[in-house]
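The residues of the chain are indexed from 1 along the displayed sequence.
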Amino acid sequence: MKQVAGSSPEMKKRVLVRTFPFFLTALALLISGCGSGPILRPAITRPDSEHKPSAAEQESGRQAPPPGDTLDFSYAFADTNTTDLPPGTGGNGPFISSPGSLTTPSTTIRVALKRNVSEVSVYSVDKLSVHTRKSPRPTPLNGSFRVRAGSGSSHAYIVTAQRKKGEIALPCTLRTKGDYSFFELDEGSYRGFLVIHSETKGRISVVNHLAMEDYLRGVVLLEIGKRPEEEQAAVKAQAVAARTYSYKRLSARQPYIFDVLPTVADQVYGGVNAESRLTDEAIAQTEDLVLTHADTLINAYYHSTCGGVTANVADVWGKEPMPYLVPIRDESPAGIPYCAISRYFEWTETWQLPILSRIVSEYYPRVSPNSPCRGQLRGIEVSKRFDCGRVKSLTLNTTRGTCTCGGDKVRFVLRRDSRDHPILRSANFTIRSNQHGQMSFEGKGYGHGVGMCQMGAVGRAREGQTFNQILLAYYRGTALRKIARSR
């Protein structure tokens, strides 16, 4: 995933404005309630995230879990988890079909920018306002302020640049209005508005509420990468897949305070700083388009590089079969894989056996906590493969016996020998050597292999395929529909 930087006019103005003193225009923040009715939902400490890596999938391959998670692979093996949702709110979601369109609970998505932090600083070059439940009018603010968790379960302090303090109850809603109507949080700029929630143990979270199409402007480039104009069909396909994924999450998460995380746990979201002309055009030209199967939004999984054949969702994660997520041979009429252009189409990974043994000892218990893998690693054997070539069952031979794992979990056990031990690029590999105290794999692809192959989409775009041809090639038997916006 690439980070995008630039010097936009609004950023230049921000630098100038920050040279002026900030002041608090009213101390009416000394109130007991803050927020608006529709925003209030039960807080949770752990999202039911599903993993869906991006085109670049961060070269490090890190799969950082959300705060509160103890297993960093949990979202890799779970669809939208509905076990903690009230009846009628999960599964396929409350989508009602009408000729050519779908209706959705909302076209506003909620992104958890910060979770379980002790304080946060927010800034805007335009005037801010704090919307409260009990105050008849919003409280105006200028410039920058910091919110710090207080000792109570629902209280916080707002600290201005002039060190003036006001105690308020959370949640509260921050809005801004003007020619440069963005919020600055850390190094990012964000559209829409912010809601600050209290969390457990005196912590706070910041959730960005914004229109779906604006959210996608901060997602698509970070997921598909910076592409030239001749590959715009792939960018459009990415926009539709990302939109479909987002609406699916939004539907399932309605009872809670956020819909998605801004990381690989959902989709990487960079706000205004990640916007570009070409991705904006792709989003606008596919506005409101989503993928459906049997009049329901699909699970629009995608990954970086399939290695020539995609995977069956039932094989990779042990899910119920989905007719649109089945293996396809992703090759041109000449027999050349469309994703052969990827630098990760083929790869080699090598470990010294003692190092790999330590990696397995550390990470295997996270995958199989009830069946630990004890002893020093002596060797590895591929016991079974799926039809797509990916590993179905792997046997780990140790000084104290054997243990097994399979499917996409092998990527989270056999981590690479580099900083932070990123997960293995793919489960489609063969063991090249296991001798002289060293083990080496030869593999293909990057990611779980389910759904759209992003580098394959780029290859198809180079061959002249349209965005809908690309999508229907990877999501077999689906249809393009439009989201009907509320009037």
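Looking only at side-chain heavy atoms (C-beta outward), Leu174 and Val130 come within less than 4.5 Å of each other. Counting only heavy atoms from C-beta outward, the side chains of Tyr190 and Val122 never approach each other to under 4.5 Å. Looking at Leu216 and Ser246, their side chains come closer than 4.5 Å, going by heavy atoms from C-beta outward. Two residues are said to be in side-chain contact when any heavy atoms from C-beta on lie closer than 4.5 Å; Ser118 and Arg148 fail this criterion. Side-chain contact between Asp280 and Arg277 is absent, with no heavy-atom pair separated by less than 4.5 Å. Residues Trp317 and His448 are in side-chain contact: their nearest non-hydrogen atoms beyond the backbone lie under 4.5 Å apart. Using a 4.5 Å heavy-atom threshold, the side chains of Arg110 and Arg253 count as touching. Counting only heavy atoms from C-beta outward, the side chains of Gln454 and Tyr446 never approach each other to under 4.5 Å.
Comment: Arg217 engages Asp214 in a salt bridge, judged by a side-chain N to carboxylate O separation of less than 4.0 angstrom. Using a 4.0 Å cut-off between a side-chain N of Lys or Arg and a carboxylate O of Asp or Glu, Lys114 and Glu119 do not qualify as a salt bridge. Using a 4.0 Å cut-off between charged side-chain N and carboxylate O, Asp288 and Lys482 make no salt bridge.
Geometric assessment of Arg425 against the ring of Tyr344 yields a negative cation-pi assignment under the 6.0 Å and 45° thresholds. With a 6.0 Å cutoff to the six-membered ring centre and a 45° limit on the axis angle, Arg460 counts as a cation-pi contact of Tyr474.
Of all non-hydrogen atoms in Gly218 and Glu275, the two that sit nearest each other are N-CG, 4.4 Å. Here the shortest heavy-atom pairing between Met212 and Ile109 reads CE-CD1, 3.9 Å. Among all heavy-atom pairs drawn from Lys127 and Thr176, the shortest one is O-OG1, 3.2 Å. Of all non-hydrogen atoms in Gly447 and His303, the two that sit nearest each other are CA-CB, 4.3 Å. Contact detail for Cys339 and Gly307: the closest heavy-atom pair is SG-N, 3.3 Å. Smallest separation of non-hydrogen atoms from Cys453 and Thr305: SG-CA, 3.8 Å.
Without hydrogens or angle criteria, Arg243 side chain to Thr286 main chain gives a donor-acceptor distance under 3.5 Å. Under the 3.5 Å distance criterion, the side-chain polar atoms of Tyr247 are left unmatched by any main-chain donor or acceptor of Thr107. Asn208 contributes a side-chain N or O that, together with a main-chain N or O of Phe193, makes up a donor-acceptor pair within less than 3.5 Å. Between the side chain of Asp330 and the backbone N or O of Thr310 there is no donor-acceptor pair closer than 3.5 Å. Formation of a donor-acceptor pair under 3.5 Å by the Glu287 side chain with backbone atoms of Ile283 is not found in this model. Remark: side-chain polar atoms of Arg411 are paired, donor with acceptor, to backbone N or O of Leu424 under 3.5 angstrom. Arg203 places no side-chain N or O within 3.5 Å of a backbone atom of Arg115 that could act as its donor or acceptor partner. Ser426 places a side-chain N or O within 3.5 Å of a backbone atom of Lys444 that can act as its donor or acceptor partner. With Glu213 contributing its side chain and Ala284 its backbone, the two residues share no donor-acceptor pair below 3.5 Å.
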Applying side chain to side chain contact (heavy atoms under 4.5 Å, CB included), run through Val272 and Glu184 and close with a yes or a no.
CA-CA 10 Å; Val272 176; Glu184 310 293 328; over 6 Å; no
Go through the steps for Tyr338 and Gln465 under the test side chain to side chain donor-acceptor pair (under 3.5 Å), then give the verdict.
CA-CA 11 Å; Tyr338 285 108; Gln465 293 188 27; 3.3 Å; yes
Could you give me the CA-CA distance, side-chain angles and deciding distance for Asp266 and Phe258, then say whether side chain to side chain contact (heavy atoms under 4.5 Å, CB included) is met?
CA-CA 12 Å; Asp266 283 303; Phe258 70 92; 5.5 Å; no
List the steps, then state whether salt bridge (charged side-chain N to carboxylate O under 4.0 Å, His left out) holds for Arg415 with Asp420.
CA-CA 9 Å; Arg415 293 171 176 253; Asp420 297 327; over 6 Å; no
For Gln238 and Tyr302, run side chain to side chain contact (heavy atoms under 4.5 Å, CB included): C-alpha distance rounded to whole Å, both residues' side-chain angles, the deciding distance at 0.1 Å, then the answer.
CA-CA 9 Å; Gln238 178 66 67; Tyr302 52 87; 3.2 Å; yes
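Remark: of the listed residues Leu291, Asn299, Thr292, Asn299 is the sole one forming a side chain to side chain contact (heavy atoms under 4.5 Å, CB included) with Tyr324.
Remark: Ser129 engages His131 in a side-chain hydrogen bond (donor to acceptor under 3.5 Å, both in side chains) (not counting sequence neighbours). The salt bridge (Lys or Arg N to Asp or Glu O under 4.0 Å) check on Glu231 picks up Arg227, Arg462, with sequence neighbours excluded. Listed by chain and number, the residues in a ring pair (Phe, Tyr, Trp, His ring centres under 6.0 Å) with Tyr215 are Tyr269 (sequence neighbours excluded).
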